[in-house]
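Every chain is numbered from 1, with letters handed out A, B, ... down the list of sequences. Hydrogens, waters and symmetry mates play no part in the numbers below; they use all other heavy atoms, side chains included.
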Number of protein chains: 2
Amino acid sequence: MFSKTSQYTLRALVYILLENSKGRNPGFREIAREIDSPAEFTGKILQDLARKKIVSSAKGKHGGFFLTEAQRQISLRTIIEHIEGENIFQSCGFGLKYCDAANPCPLHEEYATIREQLQQYMNSHTISHLAFQTDGQRIYLKREAL
Amino acid sequence: MFSKTSQYTLRALVYILLENSKGRNPGFREIAREIDSPAEFTGKILQDLARKKIVSSAKGKHGGFFLTEAQRQISLRTIIEHIEGENIFQSCGFGLKYCDAANPCPLHEEYATIREQLQQYMNSHTISHLAFQTDGQRIYLKREAL
DNA sequence: TTTAAAAAAGACATTAATATCTTTTTAAAA
DNA sequence: TTTTAAAAAGATATTAATGTCTTTTTTAAA
């Protein structure tokens, strides 16, 4: 349901945070290799996210990408909204510009409920939540096959 | 979250069913006008759906589109899957090919739950459910502004 | 101060989604 | 049997998403 760009973004940011916590700032080639995404395209995405202050970057030798403490607090919702647009979590399932409880499209009720749940989750979780799961599961960012 | 094609499809099919129940088989130009979608493109979509037996069509004078009794029983899920592909309701939010309860992506748990709900709803509802709401709400298919 | 390694920027290429236009086929009715 | 109104088919255009390649800028270290 999310675009490739959103998926690469989430995978990349989780990888960056995991490496940061080992004291490393990975470059985009390494990131792309480890999350299995096209390198140059991933570079472009990160460049974009850096412009939007969602991730930080350092140029030059020993440069790379990293998340500041503040950036680790950014909600998944904010991140995704920067990519997919402001109303990804509000837009009508039927594609109507104006669709609300008073004047609903035929899909409104159920769709709104489900959409709200996703929004709620994305609102209350961060890249840190994704990177440091409490259930001890190992993190898969790359797996193409078993 | 659904593509334009899926949105036009749902709107068009609801309109067709509403007109059918008045004894009419609308043509694609009328449909497009009433659901506010690009006419030729809507024609193409309906042509496609007709090939896939999701909607029926009659050529020639007094031709148009209609839903048979059997077609009125097709689930929204089946319809959407024909457009978006078989695994729209199963695919991983992170974009990983293999992602399951045993080897989950960081987003798996919550995302799977929400996705299941949408799937469940689409599985158990049809165009008839959308067209003939029980709550007496009037149906908006076109509304661009209030 | 030169070199090396990194992101940033810019230009371009490819693919998929969306959209339009024209011609052909079909079938009902005049 | 001709006319008319419809879908079907085919060709093409446009736009947005995805992806690649090359050059420039920046910074640390040798």
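If you take NZ of B:Lys44 and C1' of C:dT18, they are 13 Å apart, rounded to a whole angstrom. Here the C1' atom of nucleotide C:dA7 and the CD atom of A:Glu30 are 14 Å apart, to the nearest Å. Taking atom CG of residue B:Asp48 and atom P of nucleotide C:dT18, one finds them 12 Å apart after rounding to whole Å. If you measure from atom CD1 of B:Ile31 to atom C1' of D:dA6, you get 12 Å, rounded to the nearest angstrom. Protein atom CG of B:Leu46 is 15 Å distant from nucleotide atom P of C:dT18, rounded to whole Å. For the pair B:Glu84 CD and C:dA16 P, the computed distance is 15 Å after rounding to whole Å. To the nearest angstrom, C1' of D:dA28 lies 14 Å from CG of A:Asn25. Taking atom NZ on B:Lys52 and atom P on D:dA8, their separation rounds to 14 Å, with Å as the unit.
Among the heavy atoms of the strands, none lies under 4.0 Å from A:Ala39.
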Polar atoms only, N or O, under 3.5 Å: list the protein pairs with nucleotides 22-30 of chain C and their distances.
residue : atom : partner : partner atom : Å
C:dT26  : O2   : B:Gly60 : N            : 3.2

Atom pairs, N/O to N/O, protein against nucleotides 14-18 of chain D, distance under 3.5 Å?
residue : atom : partner : partner atom : Å
D:dT18  : OP1  : A:Lys4  : N            : 3.2
D:dT18  : OP2  : A:Thr5  : OG1          : 2.8

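A salt bridge (charged side-chain N to carboxylate O under 4.0 Å, His left out) check over residues 60-69 of chain B, counting only residues at least two apart or in different chains, returns the pairs B:Glu69-B:Arg72. Counting only residues at least two apart or in different chains, salt bridge (charged side-chain N to carboxylate O under 4.0 Å, His left out) contacts with residues 107-131 of chain A are absent. Within the structure, the ring-ring contact (aromatic ring centres under 6.0 Å, His included) test picks out the following pairs touching residues 108-135 of chain A (sequence neighbours left out): A:Tyr111-B:Phe2, A:Tyr121-A:His125, A:His125-A:His129. Residue pairs satisfying the salt bridge (charged side-chain N to carboxylate O under 4.0 Å, His left out) criterion with at least one member in residues 78-89 of chain B, sequence neighbours excluded, are listed as follows: B:Arg77-B:Glu81.
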Next item on the list: In sequence, state the C-alpha distance, the side-chain angles, and the governing distance for B:Leu13 and B:Phe65, and then conclude on side chain to side chain contact (heavy atoms under 4.5 Å, CB included).
Entry: CA-CA 9 Å; B:Leu13 293 179; B:Phe65 292 92; over 6 Å; no
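Looking at residues two or more places apart in sequence or on another chain, you find no ring-ring contact (aromatic ring centres under 6.0 Å, His included) involving B:Phe89. Remark: B:Thr9 pairs with no residue by the side chain to side chain donor-acceptor pair (under 3.5 Å) rule, at least two apart or across chains. The side chain to side chain donor-acceptor pair (under 3.5 Å) check on A:Thr42 picks up A:Ser37, with sequence neighbours excluded.
In this structure, the side chain of B:Arg11 engages the main chain of A:Phe94 through a donor-acceptor pair within 3.5 Å. Looking at A:Gln133, its side chain does come within 3.5 Å of a backbone N or O of B:Pro106 through a donor-acceptor pair.
Between A:Gln47 and A:Gly63, the residue anchored closer to the 5' end of DNA chain C is A:Gly63, taking for each the nucleotide with the nearest heavy atom.
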Expected list for residues 51-58 of chain A: side-chain donor-acceptor pairs under 3.5 angstrom, two or more places apart:
residue : atom : partner : partner atom : Å
A:Arg51 : NH1  : A:Asp48 : OD1          : 3.2
A:Lys52 : NZ   : A:His82 : O            : 3.0
A:Ser56 : OG   : A:Gln71 : OE1          : 2.9
A:Ser56 : OG   : A:Gln71 : NE2          : 3.1

List the atom pairs, donor and acceptor, that lie under 3.5 Å between side-chain atoms in residues 23-30 of chain A and the rest of the protein, sequence neighbours left out.
residue : atom : partner : partner atom : Å
A:Arg24 : NH1  : A:Glu19 : OE1          : 2.7
A:Arg24 : NH1  : A:Glu30 : OE2          : 2.9
A:Arg24 : NH2  : A:Glu30 : OE1          : 2.9
A:Asn25 : OD1  : A:Asn20 : ND2          : 3.4
A:Arg29 : NH1  : A:Glu40 : OE2          : 3.2
A:Glu30 : OE2  : A:Tyr15 : OH           : 2.5

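Taking only side-chain nitrogens and oxygens, A:Ser57 comes nearer than 4.0 Å to OP1 or OP2 of C:dA8. Contact annotation: B:Arg51 does not reach the phosphate of D:dA7 (side-chain N/O to OP1 or OP2, under 4.0 Å).
Taking a pair as Watson-Crick or G-U wobble with both distances under 3.5 Å, the runs of three or more consecutive pairs in DNA chain D are C:1-30 with D:1-30.
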